[in-house]
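Notes follow once the structure below has been shown.
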Amino acid sequence: MTTLSLAPAKSRHASLRRPLRIAAAALTAVALIAAAQEGTRQWTQAQMSRDATFAGTGTHDLRLLCTGAGETTYVLEAGATGFAETWTWVQDALDDDARVCSYDRAGMGLSEPSPEGFEPGQTARDLHAALTDAGEAGPFVVVGHSLGGFFVRDFAAQFPGDTAAVVLVDSSHEDQLAAFGEDMVAQFRAFPGLLSALSGVSMTGILHLWNPLEAGAAGLEGDALTAASAFAGDRVHLATSAEELRHWDAITARAASQDLPAGLPLLAVTAGSPVPGSEDFSDLVEPLHREIAGRFTAGAQVTIEDADHFSILMNRDHALVLAQLVTDYVGRTVAPE
């Protein structure tokens, strides 16, 4: 007679239960951390939105930050991953004698995401609709930094009657990737993936301890620095920033296809120094900025030698130089209404 023992089966089941319990506990912990981070994100957004001003586009609201008064109205468009506070020092310098509006693009900062997702031409239409809803009257001097340079050019193309002048601040150019080396292009193409990864990592809370994007905001102070820290770790802001950059080819193709009037005043300002720790490619960018300024009869290009791509806005001294250059150029080229 043969006797069967159940001990080995029990042993196997016991050995399986322990790792399953550990895995279940780990998943529960991750879910709780993610829920806590999302709760913190929503609370932060609500707190920051209490004193903010929003304007409608027809489908979603954008946060507008408008200050000052004067005959000229400047509209400031941030670069990739940017937001209204990016312009704090420049806006403070301009609004003594002018009306100045900065804002957050859809899905970034405090603005609501677009229900349609990102579409290159919609950025300028959103901005125009929000300015109209807020009662801000053109024509506007539209000022764009980095990626925002494409969006203000698009604004001028779609709304020429509401555009008095265009200012490009160390702006992206449709031919820049052709001018850059292979390594630089590879790093650029990888950046949307990094932003998406940071968006996911933000749910763990790690970005509160270390966030590579915060270095770009060095020079901001007070509420502006607080906003920069919050948005640099906000999953929606990061995901939207990544989505914008994934449309780089469509954005640049749109810019290349648009012909702006030759009589449009356009100033291109170049940052003449490299970002600390990065390769110096100002010698590649400056000719591109001269090229675009050369398309316009009153076009001009100027370099701020000590400024880098971020400090041109975030460093107070560099921002003051930029604001003075812009004011002087607009005073020379834009006839008062």
* Structure fact -> Heavy-atom closest pair (P113 atom, V236 atom, distance to 0.1 Å) is CG-CG1, 4.3 Å
* Asked: Any salt bridge between R316 and E221, counting N to O under 4.0 Å?
  -> no
* Asked: Without hydrogens or angle criteria, can the side chains of E286 and T270 be said to hold a donor-acceptor pair below 3.5 Å?
  -> no
* Donor-acceptor pair between E77 and Y103 side chains, under 3.5 angstrom -> yes
* Between S311 and D308, is there a donor-acceptor pair closer than 3.5 Å when you use the side chain of the first and the backbone of the second? -> yes
* So, Q187 versus D183: side-chain donor-acceptor pair below 3.5 Å or not? -> no
* To do: State the SG-CG distance between C101 and L94, to the nearest 0.5 angstrom.
  => 11.5 Å
* Above 12 or not: heavy atoms from other molecules or residues under 6.0 Å from CD of E182? -> no
* Do the rings of F159 and H128 sit parallel, tilted or perpendicular, given the 30° and 60° boundaries? -> parallel
* Under 3.5 Å, side chain of T252 to main-chain N/O of E174, donor-acceptor pair present? -> no
* To do: Indicate whether the side chain of D126 and that of H60 have a donor and an acceptor atom separated by less than 3.5 Å.
  => yes
* **Within the 6.0 Å centroid threshold, strictly below: F150 and W248** => yes
* **Donor-acceptor pair between S146 and H309 side chains, under 3.5 angstrom** => yes
* **Side-chain donor or acceptor of H289 paired with backbone N/O of Q301 under 3.5 Å** => no
* Asked: Would you say the side-chain atoms of D61 pair up with the backbone N or O of E112, donor to acceptor, closer than 3.5 Å?
  -> no
* Answer yes or no: is there a donor N or O on one side and an acceptor on the other, between the side chain of R63 and the main chain of L110, under 3.5 Å? => no
* Whether W89 side chain and A319 backbone form a donor-acceptor pair below 3.5 Å -> no
* In terms of side-chain heavy atoms, does E243 have a donor or acceptor partner in S241 at a distance below 3.5 Å? -> no
* Asked: Judged by modelled atom types alone, do S196 and R246 share a side-chain donor-acceptor pair under 3.5 Å?
  -> yes
* Asked: Does D234 reach the main-chain N or O of H237 with its side chain, forming a donor-acceptor pair under 3.5 Å?
  -> yes
* To do: Look at the side chain of N315 and the backbone N and O of H318, then say whether any donor-acceptor pair between them is shorter than 3.5 Å.
  => yes
* Spacing of F296 atom CZ and T333 atom OG1 [to the nearest 0.5 Å] -> 12.5 Å
* Consider only side-chain N and O atoms of E291 and H173, and report whether a donor and an acceptor are under 3.5 Å apart. => yes
* Could you tell me whether the side chains of R153 and Q258 share a donor-acceptor contact shorter than 3.5 Å? => no
* Asked: If every non-hydrogen atom of Y329 is compared with every non-hydrogen atom of A298, which pair is closest and at what distance?
  -> OH-O, 2.7 Å
* **Pairing of D249 and R189 as salt bridge, 4.0 angstrom limit** => yes
* Asked: Is S114 reaching over with its side chain to a backbone N or O of E116, donor-acceptor style, under 3.5 angstrom?
  -> yes
* Would you find a donor on one side and an acceptor on the other, under 3.5 Å apart, between the side chain of R105 and the backbone of A78? -> yes
* How far does CZ of F54 sit from CG of L64, to the nearest 0.5 angstrom? -> 9.5 Å
* Asked: About how many Å separate CG of D97 and OG1 of T327, when rounded to the nearest 0.5 Å?
  -> 8.0 Å
* Structure fact -> So CZ of R254 and CD of E119: to nearest 0.5 Å the spacing works out to 6.0 Å
* **Side-chain H-bond candidate by donor/acceptor type, Q91 with T67, under 3.5 Å** => yes
* To do: Give the minimum heavy-atom separation between T88 and A224, together with the two atoms involved.
  => OG1-CB, 3.4 Å
* Asked: Which value, rounded to the nearest 0.5 Å, describes the distance between D104 atom CG and T240 atom OG1?
  -> 11.0 Å
